[in-house]
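As structure tokens, the structure follows; a few thoughts come after it.
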Amino acid sequence: MEPEGDDFNPNEPYTHRLRRILEEYPDGSQVLREILQNSDDAKSTEQIFILDHNTYSSNKLFKPELRRFQGPALLAINSETFKERDFSSLLKLADSEKRDQFDKIGVMGVGFNSIYHITDSPTFITGDKYVILDPHKWYYNGGKSFNFVEKNLAESYRDQFDPFIIPCNESSTSPFKKPFKGTIFRYPLRDNDQSDISKKIYKTQEILEMFHRF
């Protein structure tokens, strides 16, 4: 049985609009620069990038179908915890009616969407929240936000949290019992052409090349 969570859904589907946005934001190392810019806007004192080559177990996930995102990923870690306005910003990024307000919506600028060059479903941990973004609505209605501390989700859904253990400096025996002081974004690399956002398939070597150019 999957856990309960709060819907994190924009007012309308936005995969096609994301595709148009990607035409305006270059691929490659520019993606890292956009991540860094958002981190700087959030007043973070550090930014860490990790290329995770691992593929993780898929036996204990929120949904069995999420196994497709358990492979290699780019991780971006900063020292600031999401604020309520940052969650609102993410929703507004996906709302075409707010398109002219990108400069007024807080630290999550439209450049954040450049990460969809490499992924179809970003996830992140910030404070006591675990968030999954699903613009295709494959598994969630746009996305889902879970309070992983209050509901002790790591105990029942261990494999969902394993990719975050090392960057969170969590104990492997009893992880995620308290909020994380900062934000860890995880961007599973797109590995098939089923996406309505982009058909580009990313290998870990291409992310390494992005690091070198950056």
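- Below 30°, between 30° and 60°, or above 60°: for Phe176 and Phe161 the angle between ring planes is between 30° and 60°, a tilted geometry.
- A donor-acceptor pair under 3.5 Å is formed between the side chain of Asp52 and the backbone N or O of Asn54.
- Remark: Lys63 qualifies as a cation-pi partner of Tyr140 under the 6.0 Å distance and 45° angle criteria applied to the six-membered ring.
- Using a 4.0 Å cut-off between charged side-chain N and carboxylate O, Asp193 and Lys199 make no salt bridge.
- Looking only at atom types and distance, the side chain of Arg33 has a donor-acceptor partner in the side chain of Ser29 under 3.5 Å away.
- No donor-acceptor pair under 3.5 Å is formed between the side chain of Ser79 and the backbone N or O of Gly182.
- Taking the six-membered ring for Trp and the full ring otherwise, the centers of Phe49 and Phe214 sit less than 6.0 Å from each other.
- Using cut-offs of 30° and 60° for the angle between ring planes, the Phe146 and Tyr130 rings count as perpendicular.
- With no hydrogens or angles considered, a side-chain donor-acceptor pair links Asp41 and Gln37 at under 3.5 Å.
- Interatomic distance, Arg68 CZ to Gln194 CD, rounded to the nearest 0.5 Å: 5.0 Å.
- Between the CG atom in Leu189 and the OG1 atom in Thr119 there is a gap of 7.5 Å [rounded to 0.5 Å].
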*Determine, step by step, whether Tyr116 and Leu133 satisfy the side chain to side chain contact (heavy atoms under 4.5 Å, CB included) criterion, reporting the C-alpha distance in whole Å, the side-chain angles of both residues, the deciding distance to 0.1 Å, and the verdict.*
CA-CA 11 Å; Tyr116 287 103; Leu133 303 180; 3.9 Å; yes

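- In this structure, Asn113 and Leu22 have side chains that are not in contact, with every pair of non-hydrogen atoms separated by 4.5 Å or more.
- For Glu24 (side chain) and Ile21 (main-chain N/O), no donor-acceptor pair under 3.5 Å exists by modelled atom type.
- A side-chain donor-acceptor contact under 3.5 Å links Gln70 to the backbone of Asp159.
- Between the Asp86 side chain and the Lys83 main chain, a donor and an acceptor come within less than 3.5 Å of each other.
- Annotation for Gly127 and Thr81: closest pair N-CG2, 3.5 Å, computed over non-hydrogen atoms.
- Gln47 places no side-chain N or O within 3.5 Å of a backbone atom of Leu36 that could act as its donor or acceptor partner.
- The aromatic ring centroids of Phe124 and Phe82 lie less than 6.0 Å from each other.
- In terms of modelled atom types and a separation under 3.5 Å, the side chain of His53 and the main chain of Thr204 share no donor-acceptor contact.
- Of the inter-residue distances, the one linking Leu51 atom CG with Leu74 atom CG reads 7.0 Å to the nearest 0.5 angstrom.
- Remark: Ser198 pairs with no residue by the side chain to side chain donor-acceptor pair (under 3.5 Å) rule, at least two apart or across chains.
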